[in-house]
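Input: a single structure, listed below in C-alpha cells.
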Amino acid sequence: MALQEKIRSGRFVVLGEFEPPKGADFSLLERSANLSKGRLDAAVVPEMANAVLKASSLGGCAFLQREGLETVFQVCCRDRNRLALQADILAAAALGITNLMAVSGEDIRFGDHPQARTVNDLDLMGLLETVQKLQNGKDLSGIELRGSPRFCVGSTLDTGAPGGLLNIELENLKRKVDYGVEYVVTNPIFDLRRFEQFIKRIDVKPLAIIPTVLLLKSAGMARYIDRNIKGISIPPEMIRDIQKAPDKVKECLKIAAEIVIRIKEMGMAGVLISTVGWEEKLPLILDEAKL
C-alpha cells in the first residue's frame, strides 16, 4: 500500500531518514536502505540537511526508487530559484516519485559552505502554492503543462516555536492544509509531556502529524542539543540514563524505541526515525519498538 493510501486510511506509518552521500558513491546508501527494506513505508531523503553539501534529495530518491523503495523527495527553498524548483518537481514526478516534502532549509551560515548565497526566491508558503499550481496543470507563469505531477504533499511543523512564533506556526498550519498538505513532520521530539500539550492546541483535520524521533549517539550529543538547539528539550533523566548505562549505544537505541512506542500509543499518524549517519542501526530500533 502506498504512503498516501496509508496516511488517508489512518494507519500508523513508519518513515526512515536516509542521508545521501557527500560524493558519488551510493553503495553505503544502498546497503543501509536495503537493511530496512520492507519495514518502512517510505524513505525520506533530506536535501542537504544542516546546509552541508551532499548529493541531492532528487538523486537519492531516484536511486532508492530504482532499488524498490518508496521515497519522500525533499524540496528546499534555500538553494534554488522558482525555475529550478519547478524543474526538479516535474522531474521527480516523471521519475515515479509520488511523495514530496516542502522545507525551508537550515541557515546556510552554519553549513560547510558558509560563503554560498542563499536563494529563498520562494518562501515555504510560496513553494507549497507552486506545488499546488503544478498539480493543477500550470506553472507559476500560468502556462499549461504537458502532464501534471501528482504527489502526496507534506511539510514541516516546529513544535518548539516560542511565544508569538508558535501562534504564527499554528496559523501557517491551516494555510498548509489549504495548499493541499496531507502530513507534517515535526522537529525531533524527546519531551513527550510537552509534546502532548502542544498537540492539544492543534485541530486541523485530516492533517497527519508525524513526529521525528532522533537517535542520540551519546550523552554529550543530548546535552548539546538540549542547550543549543532552539525548540528541542531533552529531559535531564534521559541524559542521565545514557551517562550511567554500561552500553551507551544500546541505551540510545532503547530510548529511541521507547519514544516511538509512546508516540504510537498517543494515536499519532506515524513516526519519522532519523539516525543521522547510523542508518544501519535503524532495524535495531524497529526491532525494539516491535515494528
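Source: prediction; values computed, not measured.
No side-chain heavy atom of Ile209 sits under 4.5 Å from any side-chain heavy atom of Phe198. With a 4.5 Å cut-off on side-chain heavy atoms, Leu69 and Asn34 count as touching. Within the 4.5 Å cutoff, no side-chain heavy atoms of Leu165 are placed close to those of Lys230. The shortest side-chain heavy-atom distance between Glu251 and Ile255 falls under the 4.5 Å cut-off. No side-chain heavy atom of Val153 sits under 4.5 Å from any side-chain heavy atom of Glu182. Two residues are said to be in side-chain contact when any heavy atoms from C-beta on lie closer than 4.5 Å; Cys252 and Ile242 meet this criterion. In this structure the side chain of Glu106 reaches within 4.5 angstrom of the side chain of Asn50, judged on heavy atoms. Between Leu95 and Leu58 there is a side-chain heavy-atom pair separated by less than 4.5 Å.
Hydrophobic clustering places Tyr224 together with Leu215 (ILVMFWY residues linked when any side-chain heavy atoms are closer than 4.5 Å, directly or through intermediates).
Remark: Met101 CE to Gln74 CD distance equals 4.5 Å, nearest 0.5 Å. Note: Glu47 CD to Ser56 OG = 5.5 Å, rounded to the nearest 0.5 Å. Rounding to the nearest 0.5 Å places CG of Asn172 at 10.5 Å from CG of Leu157. Interatomic distance, Glu258 CD to Met238 CE, rounded to the nearest 0.5 Å: 8.0 Å. Asp178 CG to Met125 CE: the interatomic distance, rounded to the nearest 0.5 Å, is 9.5 Å. The structure places CD1 of Ile263 at 11.0 Å from CD1 of Ile210, a figure rounded to the nearest 0.5 Å.
For Arg150, the CZ atom sits in a packed shell: over 12 heavy atoms of surrounding residues, nucleotides or ligands are nearer than 6.0 Å. Annotation: Glu237, atom CD; neighbour count of heavy atoms from other residues, nucleotides and ligands within 6.0 Å is above 12. A 6.0 Å sphere centred on NZ of Lys217 holds more than 12 heavy atoms belonging to other residues, nucleotides or ligands. At most 12 non-hydrogen atoms from other residues, nucleotides or ligands lie less than 6.0 angstrom from NZ of Lys250. Within 6.0 Å of the NZ atom in Lys248, the count of heavy atoms belonging to other residues, nucleotides or ligands exceeds 12.
For the pair Ser36 (side chain) and Ala33 (backbone), a donor-acceptor distance under 3.5 Å is absent. Checked by atom type and distance alone, the side chain of Ser155 pairs as donor or acceptor with a backbone atom of Ala102 at under 3.5 Å. Remark: the backbone N or O of Asp158 is paired with a side-chain donor or acceptor of Glu169 at under 3.5 angstrom. Asp139 contributes no side-chain N or O that, together with a main-chain N or O of Leu145, makes up a donor-acceptor pair within less than 3.5 Å. Although no hydrogens or angles enter the test, the distance criterion places a donor-acceptor pair under 3.5 Å between the side chain of Asp226 and the main chain of Ile234. Side-chain atoms of Lys176 come within 3.5 Å of backbone atoms of Thr156 as a donor-acceptor pair (strictly under, hydrogens ignored). With hydrogens and angles disregarded, a donor-acceptor distance shorter than 3.5 Å links the side chain of Thr212 to the backbone of Thr186. In this structure, the side chain of Gln86 does not engage the main chain of Thr130 through any donor-acceptor pair within 3.5 Å. Proximity of a side-chain donor or acceptor of Asp123 to a complementary backbone N or O of Gly126 within less than 3.5 Å is detected. Here the side chain of Gln65 pairs a donor or acceptor atom with the backbone of Gly96 at under 3.5 angstrom.
The pair Arg11-Glu5 does not count as a salt bridge, with every side-chain nitrogen at least 4.0 angstrom from each carboxylate oxygen. With salt bridges taken as basic N to acidic carboxylate O contacts below 4.0 Å, none links Glu196 and Lys200. Looking at Lys6 and Glu70, no side-chain N of the basic residue comes within less than 4.0 Å of a carboxylate O on the acidic one, giving no salt bridge. Between Lys254 and Asp247 no salt bridge is recorded (no basic side-chain N to carboxylate O distance below 4.0 Å).
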>> What verdict does the salt bridge (charged side-chain N to carboxylate O under 4.0 Å, His left out) test give for Glu129 and Lys133, after you've listed the backbone C-alpha separation in whole Å, the side-chain angles of each residue and the deciding distance to 0.1 Å?
In response: CA-CA 6 Å; Glu129 183 181 8; Lys133 286 184 176 181; 3.6 Å; yes
